[in-house]
Amino acid sequence: GTAPDLAGRHVLVTSGGTREPLDPVRYLGNRSSGRQGHALAATAAARGAEVTLIAAGVEVPDPAGVTVRRVGTAAELRAAVLEAAPAADAVVMAAAVADFRPAHYATGKIKKRDGVEPDPIPLVRNPDILAEISARRARPGQVVVGFAAETDDVLANGRAKLARKGCDLLVVNEVGAEKVFGSDHNEAVVLGADGSRTPVPHGPKEDLADVVWDLVRDRLADARG
Ligand code: C5P
């Protein structure tokens, strides 16, 4: 629906996928299109929320009526999230954040040499932003939502991840060769830290976004008392 049930709320959404540079022309990236995050931002705005969207490496146009900040790496995304989080009633981490980044950045383009095998690319861990903001809660009663893409044991892995991350809600997508990435549709189950389980049938990413905002709205109302 388009009832302004998020009026007076400020929400922060991350979208897309981070890009971790290797040299001036290459990066380690992922296949996240930004469509789900953008659908979340657009539906929240349509429901009356003030929306800040942090977009990493997205190819889709900015949604209307939303404040957009563009970032590249996980470190940039983290800085933008930490800066915006204190003002947010809810944080929805839809972006695919790289778990690892190249340990070294080559300031010049890495070249191939005849007859010489390439060097391996050492990686280091990126900080887990979702776990960090879930533990910290920049604002009392803030609702934190994570996303997870799983290929097998979707529910068991989702429950374990929800507990590990410490967020309030985890949207679990089943991904496979032809599923989800770059598609206009999604099928998911939303797990709650309170034990709730909300299946979302295959449908447009806007429908999943509306279910997420319904669950967030209910939790914000509960916290308000
Ligand atoms: O651990 P995994 O990457 O499957 O978790 C996905 C969720 O965690 C997403 O909500 C993503 O935005 C978030 N995440 C994060 N920082 C990372 C990795 C993932 O915030 N370094």
Side-chain angles (χ1 to χ4, degrees), residues 11-21 27-41 44 51-58 60 69-85 88 90-103 123-138 142-176 179-181 186 188-193 198 200 205 208-209 211-213 215-216 219:
V11 302
L12 174 60
V13 178
T14 69
S15 188
T18 64
R19 294 175 175 179
E20 309 296 325
Y27 60 81
L28 229 59
N30 60 70
R31 299 176 61 192
S32 180
S33 65
R35 284 190 177 87
Q36 184 62 64
H38 279 51
L40 281 154
V51 183
T52 300
L53 175 66
I54 299 173
V58 295
V60 288
R69 293 200 48 193
R70 292 183 172 276
V71 296
T73 65
E76 289 165 10
L77 187 129
R78 176 176 175 275
V81 166
L82 294 184
E83 190 188 317
V91 182
V92 179
M93 292 284 300
V97 181
D99 293 316
F100 310 105
R101 67 178 182 276
L123 302 176
V124 293
R125 255 181 198 283
N126 276 329
D128 191 318
I129 305 158
L130 176 59
E132 189 177 349
I133 60 164
S134 296
R136 188 181 295 190
R137 305 287 167 151
Q142 185 177 67
V143 177
V144 178
V145 185
F147 273 69
E150 302 288 347
T151 53
D152 53 296
D153 284 334
V154 173
L155 285 181
N157 285 327
R159 277 273 163 232
K161 187 164 288 185
L162 175 69
R164 203 162 60 235
K165 301 275 188 177
C167 51
D168 300 293
L169 295 164
L170 187 73
V171 182
V172 188
N173 283 302
E174 187 173 354
V175 294
K179 282 181 172 169
V180 180
F181 287 112
N186 230 348
V189 54
V190 187
L191 302 177
T198 310
V200 186
K205 292 186 173 182
L208 173 57
V211 171
V212 170
W213 293 125
L215 294 167
V216 167
R219 277 158 182 76

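Remember, it's 1-based here, ligands and their atoms both numbered in the order they're listed. The figures that follow rest on heavy atoms only: side chains count, while hydrogens, waters and symmetry mates do not.
- With a 4.5 Å cut-off on side-chain heavy atoms, L162 and R159 count as touching.
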Is there any protein N/O under 3.5 Å from an N/O of ligand 1, and what does the full list of such pairs look like?
residue: ligand 1; atom: 1 (O); partner: K165; partner atom: NZ; Å: 2.9
residue: ligand 1; atom: 4 (O); partner: K161; partner atom: NZ; Å: 2.3
residue: ligand 1; atom: 5 (O); partner: K165; partner atom: NZ; Å: 3.1
residue: ligand 1; atom: 8 (O); partner: K165; partner atom: NZ; Å: 3.2
residue: ligand 1; atom: 10 (O); partner: M93; partner atom: O; Å: 2.7
residue: ligand 1; atom: 10 (O); partner: F147; partner atom: N; Å: 2.9
residue: ligand 1; atom: 10 (O); partner: F147; partner atom: O; Å: 3.3
residue: ligand 1; atom: 12 (O); partner: M93; partner atom: O; Å: 3.2
residue: ligand 1; atom: 12 (O); partner: A95; partner atom: O; Å: 2.7
residue: ligand 1; atom: 16 (N); partner: I129; partner atom: N; Å: 3.1
residue: ligand 1; atom: 20 (O); partner: I129; partner atom: N; Å: 3.4
residue: ligand 1; atom: 20 (O); partner: L130; partner atom: N; Å: 2.8
residue: ligand 1; atom: 21 (N); partner: P127; partner atom: O; Å: 2.8

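- Within the model, atoms CG of L191 and CG of N157 stand 11.0 Å from one another, a figure rounded to the nearest 0.5 Å.
- Of the possible donor and acceptor atoms, none in the side chain of T73 sits under 3.5 Å from a partner among the backbone N and O of R19.
- One finds the CG atom of L77 at 10.0 Å from the CG atom of N126 (value rounded to the nearest 0.5 Å).
- Here the CG-CE distance, from D128 to M93, works out to 8.0 Å after rounding to the nearest 0.5 Å.
- The backbone N or O of A149 lies less than 3.5 Å from no partner atom in the side chain of N173, so there is not a single donor-acceptor pair.
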